[in-house]
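Atom set for the values below is all heavy atoms of this structure, side chains included, hydrogens, waters and symmetry mates excluded.
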Amino acid sequence: MTGAVDRDEARLRVQIGEASAALLRLQGSSPAAATALVRLVQVIADEAARTPRFAHALASVLTAPGEAPSSAPAPRKAPAARRGTRAPGPFDPFAAFRDGGEAGLRAKLAPLDVEQLKDIVAEHAMDYDRLAMRWRTPKKLQDRIVERVKALTTKGDAFR
């Protein structure tokens, strides 16, 4: 498997070099466009590296019709003795909200125990005030998940 990972990394490095050369050529004729493209790619790449859900959505959107999605990236090596690592949540709350609305999301959250709810909160970075991971009541955690999912799903609706 290491050989395949090395080949993929080498291929990516070549593609980055080619993209860099293309941007440098564009810089000669249109500096503003080159700068804007570099900034756009940086923002997208940073967000995809930070948010696995965004990276997956980006990969699925950029895959051509009829083309198999690229293989999943090699898992990162976890730092030694990292404390506080949680399991992935049992389901994607954003997909549940999209499919069934708030009622559907609450119905899927209802049977989960506190630890499973905390897994969802941790996976989707919903503990913005560092309080939710201390809570021990399922109702409070369910409310936090619903609140964050609704807020993030409707973010930007004023501009649509």
Rounded distance [0.5 Å steps], OG1 in T51 versus CZ in R53: 7.5 Å

Electrostatic pair R144-D129, nearest N-O below 4.0 angstrom: yes

Spacing of CG belonging to L58 relative to CD belonging to E47, to within rounding of 0.5 Å: 10.5 Å

Salt-bridge contact R86-E123 (side-chain N to carboxylate O under 4.0 Å): no

N-O pairing of D46 and R50 below 4.0 Å: no

Connected-component partners of M133 among ILVMFWY, side-chain separation under 4.5 Å: F91, F94, F97, L105, L109, L112, V114, L117, I120, V121, M126, L131, W135, L141, I145, V146, V149, L152

Side chains of K108 and D99 in contact at under 4.5 Å (non-hydrogen atoms): no

Shortest non-hydrogen contact from A57 toward S60: O-OG, 2.9 Å

Straight-line distance of D92 CG to H56 NE2, nearest 0.5 Å: 9.0 Å

Flag side-chain contact, heavy atom, 4.5 Å: Q42 against V38: yes

Point-to-point distance, once rounded to the nearest 0.5 Å, from CZ of R136 to CD of E115: 9.5 Å

Minimum-distance pair of heavy atoms, taken over all atoms of A48 and A55: O-CB, 3.4 Å

Reported CZ-to-NZ distance for the pair R148 and K155, which is rounded to 0.5 angstrom: 8.5 Å

Transitive ILVMFWY side-chain link F54 to V61, under 4.5 Å: no

